[in-house]
Amino acid sequence: MLSYSKDQRKFVLLMLLPAFGMTAAFFLWPTIYNIKNSFTDLSLLGLREGGKWVGLDNYIALFNDSDFKKVVFNTLFWLTFVSVSIRLVLGFAIALFIESQLVRRLRLTVPLRMAALLPWATPDIVAVTVWKQIFDGRTGVINNKLLEWGFIDQPIVFLGDPSYVWPAVITIIVWNGLPIIVLTMAAALQTVPRDLYEAADIDGAKSWTKFWHVTFPHALPALAVLGLLTTIWTFNNFIYVWMSTSAGPGTFSNVLATEVYLQAFVNFKLGLSSAIGTFMAALAMVFGVIYFRYVVTKRFGGLM
Amino acid sequence: METTIVTSQYPALELKNVEKRFENVIALQGLSFSVEPGAFVAIVGPSGCGKSTLLRLIAGLEATSDGEIWLDNEDVTEASAGERGLAMVFQSYALYPHKTVRENMAFSLKIAKRPKAEIESRVAEAARALQLEAYLDRLPKQLSGGQRQRVAIGRAIVRKPKVFLFDEPLSNLDAALRAETRVELAELHQRLAATMIYVTHDQVEAMTLADQIIILNAGQIQQMGSPKELYNEPKNAFVAGFIGSPKMNFVSGTINEGVFQSTDLSIPGLGQTASGAITLGVRPEALMLADSDKGIGQIEVSIVEYLGDESVIHGRLADGTPIILREKGGVELNTGDRVFIDIENVDALHFFSPDSGERIVRSPKTPNKG
Ligand SMILES: Nc1ncnc2c1ncn2[C@@H]1O[C@H](COP(=O)(O)OP(=O)(O)OP(=O)(O)O)[C@@H](O)[C@H]1O
Ligand SMILES: [Mg+2]
């Protein structure tokens with residue numbers, strides 16, 4: 001541990017002040033403003049006169065609203081849990097393949113790493129637009145092929161049909177969000193000391209045992225950090241759902257981020273929208289704390 | 001090549017004409033030797049000569065390009081590392097960082113699905129032998145280098161393998177700990193009566209530990225034999241220079257009518273050896289300071305290393321050939337002094353062909369190869 005003299009400490013504080021000021025101005029102030037608004041009935045049309053203090057009314061309204069429960073479920077289960085799980089598992093699997101002996105022997109490791117970068121280089125909005133065309137009910141390539149091969153008689157409106165909309169949205173998210181998982185996990189896999197595999201070989205371990213006892217423990221810290229980050233990034237993501245379905249059909253695929261938008265800019269209820277925003281921030285915080293306390297620090301102790 | 005004593009038992013390990021190529025690099029070539037059960041064999045040689053590669057071939061971590069490897073009368077050339085049932089101690093220790101000392105040692109037994117009670121007793125036994133009992137629940141990173149090293153050995157011991165493989169296991173330890181662990185390894189070998197193959201580039205380690213030493217250079221066996229054989233009858237100048245510390249002195253000259261003659265040295269009385277150009281090899285401990293005007297020649301002292309019980313004198317002949325000699329006790333010499341040197345016994349002299357480096361045996365009828 002470094003120890004500072006009194007003067008040094010003053011200097012350190014002084015140097016930290018600008019960064020702290022910026023953080024306060026851009027994050028702390030809007031947060032406080034938002035929390036304050038959430039206790040009012042502020043309307044987008046009545047910004048000048050401001051809102052009336054309504055106490056916890058906005059929150060009570062939310063928790064009594066069964067539609068809101070569905071929005072929370074959509075956000076936590078479909079948007080976050082399913083898409084993050086698929087990305088982590090699939091991304092790790094692809095990373096394992098790219099870094100495997102077979103691919104290395106074929107000298108494809110570097111080309112594949114490059115290929116894995118491609119979706120990342122595509123901006124979210126471009127990706128969603130292209131995917132919308134692919135999924136389109138009339139002109140989409142998927143429907144064309146399915147019709148051509150005779151799997152279906154009627155085209156499927158993937159992004160407009162309750163049975164298909166979540167799988168379709170999740171496909172888009174997974175495609176766009178895989179690269180960071182693949183590349184991070186590929187990097188993590190390269191740090192596993194090779195002689196551990198050899199020691200395991202000599203101990204008589206088969207591939208599966210080597211994976212669980214050597215590869216996996218080394219990959220876990222990276223996987224855990226990715227789990228936390230992608231969860232937070234996805235949980236409050238607005239673009240994927242809004243761009244692909246506008247929360248539809250109806251409000252079938254509505255999530256918290258789109259609900260914030262709908263309440264504020266469609267229904268003009270800024271107060272209610274702020275309450276939803278505050279609720280989202282609280283959820284993210286609870287998740288972050290639990291995750292770090294119980295998963296990251298407890299499970300893999302000093303390894304991170 | 002060393003011929004093996006034929007007993008009713010099969011060799012613990014036998015290599016038949018083994019070759020290893022990495023793409024276009026030939027790492028090992030024409031290796032054949034066998035190791036008796038219970039022997040301690042050291043493999044020594046300079047860096048890059050193929051020691052680790054040889055050990056990895058035996059372990060099954062690397063496939064042979066040619067030749068066969070036999071373990072206890074069984075051809076294991078194609079067998080995987082796990083199937084060979086050997087234990088290996090890595091230079092880096094290669095302990096599983098997420099497993100405790102206990103789990104590290106128990107891992108192979110667990111994979112082999114041994115009963116729990118047996119695993120526990122074997123780990124406890126190894127821990128006791130290696131004084132690791134207090135550390136069983138620690139992770140490797142919570143141990144010192146020496147303790148990790150013992151865990152790596154413990155992991156090997158619990159398997160009760162027929163053959164132990166060591167790749168420079170002491171090279172990460174400091175000098176004192178290395179000397180200590182060396183003794184422990186020797187004791188371990190006696191207690192377990194297991195076959196051990198030990199790679200090192202430290203010839204002192206090899207000399208003190210091994211029953212048999214294999215000297216490797218550029219992927220080929222230079223000589224295999226007991227420490228005594230290698231010291232007293234090195235097959236060529238490479239072996240002679242590699243074994244012994246400080247290194248053997250080499251002086252090129254000619255031999256004629258039993259007299260060795262170089263620009264600065266003259267040694268008569270060698271009997272009827274070969275004649276012609278020859279390289280003389282003489283160990284520092286076979287040389288001594290002579291009274292003035294006597295001896296085989298004169299050197300100019302460049303440095304004296306005083307070691308307490310002995311002194312190592314570094315000097316040069318007039319033609320620049322370096323000469324090292326060891327004297328008991330201290331000596332009153334300074335840089336630049338010119339002193340006469342002598343040999344204790346002509347039997348301690350070695351002769352090598354100046355071209356091939358092969359040993360030339362001092363017997364009357366040996367033709368001069370050089
Ligand atoms: N995987 C590999 N691919 C190509 N060449 C290799 C490979 N492994 C070893 N070699 C080469 O084989 C030769 C022998 O290497 P090896 O590691 O066995 O040497 P060593 O005697 O153990 O050396 P050191 O004392 O430095 O450990 C070296 O020239 C090395 O460059
Ligand atoms: Mg080596």
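Remember, predicted model here, so these are calculated numbers, not experimental data. These values consider heavy atoms only, across backbone and side chains, with no hydrogens, waters or symmetry-generated copies. Each chain gets a letter, A, B and so on, in the order its sequence line appears, and its residues count up from 1.
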Region of B:Y96 in contact with chain A, defined by heavy-atom distances below 4.5 Å: both
Applying ring-ring contact (aromatic ring centres under 6.0 Å, His included), can you list everything that pairs with B:F40, at least two apart in sequence or on another chain? B:H189, B:Y198
When only heavy atoms count and the cut-off is under 4.5 Å, which of residues 108-122 of chain B reach chain A? B:S108, B:I111
Closest heavy-atom contact between B:A94 and A:A199? O-CB, 3.8 Å
Minimum-distance pair of heavy atoms, taken over all atoms of A:I202 and B:A87: CG2-CA, 4.2 Å
Does atom CZ of A:F238 have more than 12 heavy-atom neighbours from other groups under 6.0 Å away? yes
If you define the side chain from C-beta out and look only at heavy atoms, does anything of A:E198 sit under 4.5 Å from B:M88? no
Just wondering, more than 12 heavy atoms not from B:R191 lying within 6.0 Å of its CZ? yes
Tell me, do B:P97 and A:H218 make a side-chain contact under 4.5 Å, heavy atoms counted? yes
Atom CZ of A:R194 with >12 non-hydrogen neighbours under 6.0 angstrom: no
Can you tell me how far OG of B:S80 sits from NZ of A:K206, rounded to the nearest 0.5 angstrom? 6.0 Å
Close approach to chain A in residues 148-172 of chain B, criterion heavy atom under 4.5 Å: B:R155, B:R159
With sequence neighbours excluded, residues passing ring-ring contact (aromatic ring centres under 6.0 Å, His included) with A:H213: B:F107
Please say whether more than 12 non-hydrogen atoms of neighbouring residues, nucleotides or ligands are located less than 6.0 Å from CZ in A:F73. yes
Within a 6.0 Å radius of atom NZ on A:K70, are there more than 12 heavy atoms belonging to other residues, nucleotides or ligands? yes
Taking CZ in A:F11 as the centre, count heavy atoms belonging to other residues, nucleotides or ligands within less than 6.0 Å. Is the count above 12? no
Over 12 foreign heavy atoms within 6.0 Å of CZ, A:F81: no
